Amino acid sequence: MKRLSRFFFSSSTSSIDITFAGDSGSGKEVEDFIQAVRKHAFDKGKQNDNQWTAQFASTCFTGTALRWYEDLPSTKQADWRFLRHALLEQYPAGGKPSNFTIPTPAAAPPSWISSQSSPATQSAPTIPPTAYPLVPSSAAAPPAAPPNIIPPPAPPISTKPPAPQNVAPTGQQALGMRTGRIEVVVPGWPPGSAFVSKSLQNGCFKVVMFNKSMALRVRYFPKTGDIFLNNSDAVHLCLGLTWSKKNPSLAKSSSDSAQLTAVSAKYAPMPIRTSSPWHGDTWGSIWKLADDGQLLVQDQSTGLKRSGGLEVAVYVGDDSFRLYAVSSFDSFTSWVGEGYKLAKLVFTEK
């Protein structure tokens, strides 16, 4: 068995043995481990099978890493995409594990104690330093305290409530602005693990996993239905939808779909512009929040077409995590095929 970094790797013509203990807690160790698992999956023709790769990796854990793995939720254990992100988070680059703590050393004794000799050899006690100099016996007595002065009585406390300050809110406050992120909630995925990305990919936003620093931050204006982009590299200022066709149908039997895109603000010169390469209709000021925080889509001209708004489909067949708003998830997937999960977009201020 040949030792590679801080985990063990051995191979023969018929078997492979990769063991990861995580003792060093270094990012390099976990990077080597992930690479070894990935190469083995490729050798077996399983590089696109995230469930198989996660199951194989689970057989490699030992010691501290095994105890950590057993405490993971089943959703992270069952999918290699989630598991490898959890490993990189637990063992960050150049650092210790996220639950690793360095004990605080005991405070050193004061220097005046350590400088004293032992009682057997000490000829006279050593007086520790004080915050203030000692007053010699010959010092003058402190001045006499001034005579007691009775302060004037305090004014009576009014029991009436203060007069209201009739200051009308202005600007963004008047529009009820809220700031936050847009979480992508998929049944079976760990809460808080997926968000809309701050960067565009091929002209549209996608899902980013286990990395809030790469999540899109937005300002939501409920009175106007606008969502402004805070930290995106997009040219346009607002969040919108660009459909694959003109005059899309929102009926439950429709397979029409739209990309989540950056669009020009409604006060910009018309027509509305989009980051998407698609040439269908583009919608801008269309957003509405449900009571539970779910982000709903409403038609610009006629309002919400039906209860619940549009549905969301996330492609999980590879690591692209493409994101689509669809009229009907069932109709959409029956047309494009498998590999998608039904999701919802939730505005969160965390």
Side-chain angles (χ1 to χ4, degrees), residues 34 37-58 72-86 182-197 199-211 214-215 241-245 248-261 276-281 294-297 305-346:
I34 290 174
V37 171
R38 181 174 284 152
K39 287 180 178 179
H40 179 61
F42 189 89
D43 291 342
K44 295 294 185 180
K46 298 288 187 178
Q47 65 271 19
N48 294 323
D49 192 335
N50 290 294
Q51 184 177 4
W52 183 94
T53 308
Q55 291 174 347
F56 170 74
S58 70
L72 287 176
S74 57
T75 50
K76 291 187 179 182
Q77 292 179 342
D79 193 308
W80 175 237
R81 292 169 297 187
F82 297 162
L83 180 56
R84 69 172 185 262
H85 281 292
I182 302 175
E183 183 177 356
V184 182
V185 178
V186 176
W189 286 12
S193 62
F195 293 88
V196 173
S197 64
S199 299
L200 295 169
Q201 184 178 53
N202 297 324
C204 61
F205 294 103
K206 64 169 190 173
V207 180
V208 60
M209 302 293 299
F210 299 107
N211 193 346
M214 298 302 294
L241 292 177
T242 300
W243 289 86
S244 59
K245 59 185 291 188
S249 170
L250 300 186
K252 279 290 188 180
S253 58
S254 171
S255 61
D256 290 348
S257 61
Q259 293 179 332
L260 197 64
T261 59
S276 172
W278 287 8
H279 300 291
D281 288 350
Q294 183 177 357
L295 201 60
L296 305 179
V297 177
K305 285 285 189 179
R306 63 172 186 269
S307 175
L310 300 179
E311 296 177 335
V312 177
V314 178
Y315 186 67
V316 295
D318 54 28
D319 289 341
S320 65
F321 291 109
R322 299 191 299 274
L323 186 65
Y324 300 96
V326 297
S327 301
S328 167
F329 179 82
D330 292 337
S331 299
F332 175 75
T333 52
S334 66
W335 177 58
V336 298
E338 299 180 350
Y340 291 84
K341 285 187 176 292
L342 176 64
K344 63 180 181 179
L345 304 179
V346 177

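Everything numeric in this text was worked out from a predicted model, so none of it was measured.
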- Check step by step if side-chain contact (heavy atoms from CB on, under 4.5 Å) holds for W80 and I34. CA-CA 10 Å; W80 175 237; I34 290 174; 3.9 Å; yes
- Query: Sub-3.5 Å donor-acceptor pair from the side chain of Q259 to the main-chain atoms of C204, do we have one?
  - Reply: no
- Task: Keeping the roles fixed (side chain from E183, backbone from G192), state whether a donor-acceptor pair exists under 3.5 Å.
- Result: yes
- Mind checking salt bridge (charged side-chain N to carboxylate O under 4.0 Å, His left out) for K245 and listing every partner two or more places apart, or none if nothing turns up? D256
- Query: Do W335 and V326 touch side chain to side chain, with heavy atoms closer than 4.5 Å?
  - Reply: no
- Identify the two heavy atoms, one from A54 and one from Q77, that lie closest to each other, and give their separation to 0.1 Å. CB-O, 3.4 Å
- Given side-chain contact (heavy atoms from CB on, under 4.5 Å), test V312 with Q294 step by step and report yes or no. CA-CA 11 Å; V312 177; Q294 183 177 357; over 6 Å; no
- Test salt bridge (charged side-chain N to carboxylate O under 4.0 Å, His left out) applied to R81 - qualifying residues, sequence neighbours left out: D79
- Query: Quick one: CG on L295 to NZ on K344, what's the gap to the nearest 0.5 Å?
  - Reply: 12.0 Å
- Message: Pair L83, L72 - check side-chain contact (heavy atoms from CB on, under 4.5 Å), show working.
- Response: CA-CA 9 Å; L83 180 56; L72 287 176; 3.7 Å; yes
- Message: In the structure I gave you, are the side-chain heavy atoms of Y324 and V336 within less than 4.5 Å of one another anywhere?
- Response: no
- Item | F82 vs S193 side-chain heavy atoms within contact, under 4.5 Å | no
- State, to 0.1 Å, how close Y340 and T333 come at their nearest heavy-atom pair, and which atoms those are. CB-CG2, 3.9 Å
- Message: Is any side-chain heavy atom of D318 closer than 4.5 Å to one of N48?
- Response: no
- Quick one: closest heavy-atom pair of S276 and W278, and the distance? OG-N, 3.0 Å
- Message: Would you call the rings of H40 and F56 parallel, tilted or perpendicular, taking 30° and 60° as the class edges?
- Response: tilted
- Query: Are any side-chain N or O atoms of S249 and backbone N or O atoms of S254, one a donor and one an acceptor, separated by less than 3.5 Å?
  - Reply: no
- Item | S334 side chain to S331 backbone, donor-acceptor under 3.5 Å | yes
- Message: For G339 versus Y315, what's the shortest heavy-atom pair and its separation?
- Response: O-CD1, 3.3 Å
- Message: How close do A251 and S328 get, counting heavy atoms only, and between which atoms?
- Response: O-CB, 4.5 Å
- Close side-chain approach of L345 to V184, heavy-atom, < 4.5 Å: yes
- Message: Can you give me the closest heavy-atom contact between A215 and F195, atom names plus distance?
- Response: CB-CB, 3.6 Å
- Tell me, please, which residues at least two apart from S197 pass side-chain contact (heavy atoms from CB on, under 4.5 Å). F205, K206, V208
- Message: If you count heavy atoms of other groups shown closer than 6.0 angstrom to CD of Q201, is the number above 12?
- Response: yes
- Message: Taking CG in N202 as the centre, count heavy atoms belonging to other residues, nucleotides or ligands within less than 6.0 Å. Is the count above 12?
- Response: no
